[in-house]
Amino acid sequence: MAQKFTVKSFQEAKDNNRKISMLTAYDYSMAKIVDAAGIDSVLVGDSLGMVFQGNESTLPVTLDEIIYHTKAVVRGVKNALVVADMPFLSYHVSKEEAVRNAGRMIKEGGAEAVKMEGGTLFSETIKAVVDAQIPVMGHIGLTPQSVNAFGGFKVQGKDEQSAKRIWEDAKLLEEAGVFAITLECIPDKLAQLITKSLRIPTIGIGAGKSCDGQVLVINDMLGMFSDFVPRFIKQYAKLNTEITAAVQDYIAEVREGDFPAGEHTFDMDADILEKLY
Ligand SMILES: Nc1nc(=O)c2c([nH]1)NC[C@@H]1CN(c3ccc(C(=O)N[C@@H](CCC(=O)O)C(=O)O)cc3)CN21
Ligand SMILES: CC(C)C(=O)C(=O)O
Ligand SMILES: [Mg+2]
């Protein structure tokens, strides 16, 4: 039987050169499949604002919504570490709000850790949450909650100034006590430099193969989200196509009267039926 994956397991994985696998999930059924398949960690990502809610960014997602999804995911997970994203504005106003809101993710949602975007700008806030005994995963590089500040979902760290800032961010977050850092959409050489110089593990998405682990949005890797397919996504299945075919079969069979068949139908004794006439 697989062992429970914890924040300690994250560190042990890096120390033993064993790569960490992480995927998002937003509901019970998917979380159960992903966990039973042996994933190390499940992220209740605020990407649900895009793939679940259909917004154009993650910004509209609320704390109550993330907590709602986290509750469902936690019920499906036995072994993976459940991390939930702190949504936009849930930790941006004050340290006090950050700690209280992170606490709700743990207490009400049942998450075991939270993820917070931002480096230098948020390291003090992140430290306050860590000090409240809530494990925090950092997230730097392309931080989607900064989409308006960035002017779009753009690869970060390509010029010297930006690369330097991201490296500084990584070091500050390690000092603040995060147990791991997500590196999103940065050049692989920069991710390698950061990964080598940190004691804690890095989890990459669009950050190359040197990271200590990888994370993807489940809908992207299953090929069931096609609003955009950036180059860092690999589709391990084409569920879009499979779902379309299944739905079309169903429509045709309903129209033809082929579904439901006898095997899908409940019987009744003939004498009881007679009494109804
Ligand atoms: N379904 C989904 N998958 C994700 O990976 C994801 C989300 N949603 N929502 C939150 C953020 C947004 N992400 C994104 C979205 C778009 C690009 C994108 O179009 N990138 C361009 C490069 C743009 C540039 O650098 O100019 C690409 O072609 O990769 C990247 C990351 C990653 N995250
Ligand atoms: C893509 C991952 C890292 C994320 O933050 C999310 O799914 O919201
Ligand atoms: Mg996120």
Side-chain angles (χ1 to χ4, degrees), residues 20-27 30-31 34 39-63 65-66 69-70 73 81-92 102 105 111 113-119 122 136-159 162-163 166 173 178 180-188 190-191 201-208 211-236 239-240:
I20 299 160
S21 62
M22 188 173 196
L23 284 169
T24 70
Y26 314 114
D27 66 277
M30 189 63 86
V34 163
I39 203 80
D40 294 324
S41 183
V42 172
L43 174 67
V44 186
D46 60 351
S47 50
L48 70 85
M50 296 168 79
V51 302
F52 182 88
Q53 298 175 332
N55 294 300
E56 282 184 0
S57 76
T58 60
L59 300 178
V61 177
T62 68
L63 188 67
E65 287 166 352
I66 285 275
H69 285 273
T70 302
V73 164
L81 180 82
V82 178
V83 182
D85 264 348
M86 294 284 287
F88 178 62
L89 222 59
S90 68
Y91 59 98
H92 303 65
M105 304 273 272
V114 299
K115 181 158 73 56
M116 296 165 76
E117 294 183 11
F122 287 93
V136 178
M137 179 179 281
H139 182 165
I140 56 177
L142 195 179
T143 45
Q145 291 173 16
S146 316
V147 61
N148 292 326
F150 287 157
F153 294 121
K154 297 204 167 81
V155 175
Q156 301 292 307
K158 290 179 97 158
D159 58 75
S162 161
I166 293 168
L173 286 181
V178 302
I181 303 181
T182 298
L183 301 177
E184 178 162 351
C185 291
I186 60 170
D188 65 338
L190 177 59
T202 59
I203 309 296
I205 171 166
C211 297
D212 300 304
Q214 297 291 328
V215 60
L216 281 176
V217 168
I218 188 77
N219 303 59
D220 294 339
M221 66 87 74
L222 293 178
M224 55 186 294
F225 181 79
S226 52
D227 286 5
F228 54 82
V229 185
R231 63 176 285 142
F232 63 82
I233 291 166
K234 178 171 175 184
Q235 294 185 334
Y236 287 84
L239 288 200
N240 230 333

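Remember, it's 1-based here, ligands and their atoms both numbered in the order they're listed. Keep in mind the model is a prediction, meaning the values are calculated, not measured.
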Among all protein heavy atoms in this structure, tell me which lies nearest to [atom], with the distance rounded to 0.1 Å.
atom                    : result
atom 4 (C) of ligand 2  : L43 CD2, 3.5 Å
atom 15 (C) of ligand 1 : F228 CE1, 3.5 Å
atom 27 (C) of ligand 1 : P230 CB, 3.8 Å
atom 26 (O) of ligand 1 : K154 CG, 4.0 Å
atom 25 (O) of ligand 1 : V155 N, 3.0 Å
atom 3 (N) of ligand 1  : D220 OD2, 2.5 Å
atom 6 (C) of ligand 2  : S47 OG, 3.3 Å
atom 5 (O) of ligand 2  : K115 NZ, 2.7 Å

Side chain, backbone, both or neither: which applies to [X] and ligand 2 if a contact is any heavy-atom pair less than 4.0 Å apart?
X    : answer
L216 : neither
D85  : side chain
I205 : side chain

With under 30° as parallel and over 60° as perpendicular, where do the rings of F52 and H69 fit, or are they tilted in between?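 The arrangement is perpendicular - the two ring planes meet at more than 60°.
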Indicate yes or no: at least one non-hydrogen side-chain atom of [X] is less than 4.5 angstrom from one of [Y].
X    : Y    : answer
I140 : F122 : no
F88  : V61  : no
L222 : M30  : yes
L48  : Q53  : yes
T143 : F150 : yes
D46  : P144 : no

Pull out every atom of ligand 2 sitting under 4.0 Å from any heavy atom of T24, numbered as shown with elements. 7 (O)
Need the ligand 2 atom indices (1-based, order shown) with element for anything under 4.0 Å from a heavy-atom of G45.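 Answer, ordered by atom number: 6 (C), 7 (O), 8 (O).
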So, is M50 polar-close to ligand 1, with some N/O to N/O distance under 3.5 Å?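 N/O-N/O distance under 3.5 Å: no.
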Using a 3.5 Å cut-off on N or O atoms only, is S47 in polar contact with ligand 1?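 The answer is no, given that S47 and ligand 1 share no N or O pair closer than 3.5 Å.
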Using a 4.0 Å cut-off to any heavy atom of [X], which atoms of ligand 1 qualify?
X    : answer
P144 : 10 (C), 11 (C)
V217 : 1 (N), 2 (C), 3 (N), 4 (C), 5 (O)
T58  : 10 (C)
V51  : 1 (N)
E184 : 11 (C), 13 (N), 32 (C), 33 (N)
F232 : 5 (O), 30 (C), 31 (C)
F225 : 1 (N)
R231 : 29 (O)

Got a second to check how far [X]'s [atom1] is from [Y]'s [atom2], nearest 0.5 Å?
X    : Y    : atom1 : atom2 : answer
Y91  : L63  : OH    : CG    : 12.0 Å
N240 : M224 : CG    : CE    : 7.5 Å
M137 : T202 : CE    : OG1   : 10.0 Å
Y26  : I66  : OH    : CD1   : 9.0 Å
T58  : D85  : OG1   : CG    : 8.0 Å
L43  : L81  : CG    : CG    : 10.0 Å

Below a 4.0 angstrom heavy-atom separation, can you tell me which part of I205, side chain or backbone, both or neither, approaches ligand 1?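 I205 to ligand 1: side-chain contact only, backbone stays beyond 4.0 Å.
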So which bit of L142 gets within less than 4.0 Å of ligand 1, heavy atoms only: side chain, backbone, both or neither?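 The part of L142 near ligand 1 is the side chain, not the backbone.
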Taking [Y]'s backbone N and O only, do any of them form a donor-acceptor pair with [X]'s side chain (distance below 3.5 Å, no angle check)?
X    : Y    : result
S90  : P87  : yes
Q156 : K154 : yes
T62  : E65  : yes
Q145 : M86  : yes

So which of F150, F153, F52 gets nearest to atom 18 (C) of ligand 1, if we judge by its closest heavy atom? F153
Hey, does Y26 come in under 3.5 Å of ligand 2, counting only N/O atoms on both sides? no
Please indicate whether any nitrogen or oxygen in T182 is less than 3.5 Å from any nitrogen or oxygen in ligand 2.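 T182 vs ligand 2: no N/O contact under 3.5 Å.
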List the steps and the verdict of side-chain contact (heavy atoms from CB on, under 4.5 Å) for L89 and L59. CA-CA 8 Å; L89 222 59; L59 300 178; over 6 Å; no
May I ask whether E117 has any heavy atom positioned less than 4.0 angstrom from an atom of ligand 2?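 No, E117 has no heavy atoms under 4.0 Å from ligand 2.
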If you consider just the N/O/S atoms, which atom of D85 is the closest one to the Mg ion (ligand 3)?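 Considering only N, O and S atoms, D85 comes nearest to the Mg ion (ligand 3) through OD2.
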Closer than 2.8 Å to the Mg ion (ligand 3): does that hold for any N, O or S atom in D46?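 D46 does place an N, O or S atom closer than 2.8 Å to the Mg ion (ligand 3).
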